[in-house]
Amino acid sequence: MINKIADSVAQALSGVQDGATVLIGGFGTSGNPIELIDGLIAHGARELTVVNNNAGNGDAGLAALLKSGQVRKIICSFPRQVDSYVFDELYRSGKIELELVPQGNLAERMRAAGAGIGAFFCPTAYGTQLAEGKETREINGKHYVLEYPIYGDVALVKAEKGDRWGNLTCRMSARNFGPVCAMAAKYTVATVHELVELGEMDPEAVVTPGIYVSKVVKVPRVATQAGGFKQ
């Protein structure tokens with residue numbers, strides 16, 4: 001019997017190793033799997049490479065993970081916001097590496113990893129510093145940059161609802177980077193607010209099929225800095 005439900009966040013993350021590449025869903029605080037990030041901090045794995053759309057907000061979630069000193073490198077699109085002071089301090093003091101990737105490229109590089117694509121040509125970043133050292137090619141009169149997939153050892157994602165097979169559905173804009181993160185990782189952990197029996201989820205509403213998910217953990221709804229759910 002396939003049962004991917006974990007008893008706790010700690011149990012679901014017990015196998016994360018030092019040096020892992022961790023793909024984290026979320027767009028700012030929307031779809032951010034904060035319980036899993038807190039669990040990763042408690043787990044203590046170090047020398048991590050983290051892939052996320054941004055570099056954390058305030059002192060919670062991803063910012064707290066960066067502040068813990070467990071992250072060696074971050075790959076993201078938007079490292080600076082008005083409340084990205086944790087990342088700013090670490091980067092300016094040389095305590096963290098940064099790989100800056102345009103947002104569309106970031107999503108497509110993870111999707112490519114999950115789809116088994118070895119590399120792809122993209123016009124974004126051609127002629128800029130982000131393309132330095134990369135192969136370029138002119139195709140049908142347009143210039144492109146060769147980009148490679150981003151593979152993850154672990155993905156941490158947030159969903160609204162799931163079942164014991166790992167099928168997931170998301171709530172509105174919480175469906176952002178989570179699905180491609182799940183595709184690109186060897187081991188994916190998802191939090192859900194609701195666990196349902198097999199067959200209760202409309203197959204047309206499943207955003208991430210269970211084949212991409214390793215563990216599912218139920219967590220309570222809590223308010224976020226941006227509002228979110230209120231108890």
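Quick caveat, the model's predicted, so the values are computed rather than measured. All residue numbers refer to positions in the sequence shown, counting from 1.
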Could you state the interatomic distance from CG (Asn53) to CD (Gln103), rounded to the nearest 0.5 Å? 4.5 Å
Side chains of Val219 and His193: does their closest heavy-atom pair fall under 4.5 Å? yes
Quick one: do Ile37 and Val192 end up in the same hydrophobic cluster if we chain Ile, Leu, Val, Met, Phe, Trp and Tyr together by side-chain heavy atoms under 4.5 Å apart? no
Pro102 and side-chain contact (heavy atoms from CB on, under 4.5 Å): which partner among Thr124, Val145, Thr128? Thr124
Under 3.5 Å, is there a donor-acceptor pair between the side chain of Asp163 and the main chain of Leu198? no
Which atom pair, heavy atoms only, marks the closest approach of Val217 to Ala12? CG2-CB, 3.8 Å
Criterion side chain to side chain contact (heavy atoms under 4.5 Å, CB included) on Val71 and Thr49, from CA distance to verdict: CA-CA 6 Å; Val71 179; Thr49 295; over 6 Å; no
Nearest 0.5 Å, please: how far is OH in Tyr187 from CG in Leu13? 7.0 Å
Do Val16 and Ile74 share a hydrophobic cluster, counting only Ile, Leu, Val, Met, Phe, Trp and Tyr and linking them when any side-chain heavy atoms are less than 4.5 Å apart? yes
Of all the heavy-atom pairs spanning Val86 and Gly58, show the shortest one and how long it is. CG2-O, 3.6 Å
Can you tell me how far apart CG (Asn32) and CG (Asn57) are? Round to the nearest 0.5 Å. 7.5 Å
Applying a strict under-4.5 Å side-chain criterion to I, L, V, M, F, W and Y, I'd like to know whether Phe87 and Phe78 cluster together. no
Please assess Arg80 against Asp88 for the test side chain to side chain contact (heavy atoms under 4.5 Å, CB included), listing each intermediate value before the final yes or no. CA-CA 7 Å; Arg80 297 197 67 196; Asp88 284 355; 3.5 Å; yes
Thr169 side-chain N/O to Ala205 backbone N/O, donor-acceptor pair under 3.5 Å: yes
Is the shortest heavy-atom distance from the side chain of Glu147 to the side chain of Glu108 under 4.5 Å? no
Run Asn54 and Gln81 through side chain to side chain contact (heavy atoms under 4.5 Å, CB included) and show every step you take. CA-CA 8 Å; Asn54 68 0; Gln81 297 82 221; 3.4 Å; yes
Can you tell me if CD on Glu200 sees more than 12 non-hydrogen neighbours from other groups inside 6.0 Å? yes
Do Arg175 and Pro179 come close enough that some side-chain heavy atom pair is under 4.5 Å? yes
Carboxylate-amine/guanidinium proximity below 4.0 Å for Asp18 and Arg46: no
Can you see whether Ser214 engages Thr188 through a side-chain donor-acceptor pair at a distance of less than 3.5 angstrom? no
For Ser30 versus Ala174, what's the shortest heavy-atom pair and its separation? OG-N, 3.6 Å
Answer yes or no: does atom CD1 of Ile139 have more than 12 heavy-atom neighbours from other residues, nucleotides or ligands under 6.0 Å? yes
Polar side-chain atom of Asn176 near backbone of Ser173 as donor-acceptor pair, under 3.5 Å: yes
Side-chain (His43) to main-chain (Ala10) donor-acceptor, under 3.5 angstrom: no
Do other residues, nucleotides or ligands put more than 12 heavy atoms under 6.0 Å from Tyr91 OH? no
Count I, L, V, M, F, W, Y as connected when their side-chain heavy atoms are under 4.5 Å apart, and connections chain through other members. Are Tyr212 and Trp165 then in the same cluster? no
Do any N or O atoms from the side chain of Gln11 and from the backbone of Asp7 form a donor-acceptor pair under 3.5 angstrom? yes
State plainly whether the residues Glu194 and Arg171 are in salt-bridge range, i.e. N to O under 4.0 Å. no
Measure the spacing between CG of Leu40 and OG of Ser68 and express it to the nearest 0.5 Å. 8.0 Å
Is it the case that over 12 heavy atoms from other parts of the model lie below 6.0 angstrom from the NZ atom of Lys186? no
Taking the basic N atoms (NZ, or NE/NH1/NH2) and the acidic carboxylate oxygens, is any pair closer than 4.0 Å for Glu99 and Arg109? yes
Heavy-atom pair with the smallest gap, counting every atom of Leu195 and Lys218: CD1-CB, 3.9 Å
Roughly how far, to the nearest 0.5 Å, is the CD atom of Glu138 from the NE2 atom of His143? 4.5 Å
For the atom pair SG (Cys122) and CG (Leu146), what is the distance rounded to the nearest 0.5 Å? 10.5 Å
With a 4.0 Å cut-off on N to O distance, would you call Lys158 and Glu35 a salt bridge? no
Derivation of the salt bridge (Lys or Arg N to Asp or Glu O under 4.0 Å) call for Glu197 and Arg164: CA-CA 7 Å; Glu197 295 298 323; Arg164 67 175 174 84; 5.8 Å; no
I need the minimum non-hydrogen distance between Leu62 and Val50, along with the two atoms involved. CD1-CG1, 3.8 Å
Determine whether Val207 and Leu168 make a side-chain contact, defined as any pair of heavy atoms from C-beta on separated by less than 4.5 Å. no
Using every non-hydrogen atom in the two residues, find where Val157 and Leu36 come nearest and quote the distance to one decimal. O-CD1, 3.7 Å
Judged by atom type as modelled, is there a donor-acceptor pair below 3.5 Å linking the side chain of Arg72 to the main-chain atoms of Glu97? no
Note: Arg137-Glu135 ion pair, threshold 4.0 Å (strictly below): yes
Passes side chain to side chain contact (heavy atoms under 4.5 Å, CB included), Thr208 versus Val213? Steps please. CA-CA 8 Å; Thr208 299; Val213 179; 3.9 Å; yes
Quick one: name the residues clustered hydrophobically with Val101, using the 4.5 Å side-chain heavy-atom rule over I, L, V, M, F, W, Y, and just say none if it's on its own. Leu23, Phe27, Val51, Ile75, Leu106, Met110, Ile150, Phe177, Val180
Ile96 reachable from Leu98 in the ILVMFWY side-chain graph, under 4.5 Å edges: yes
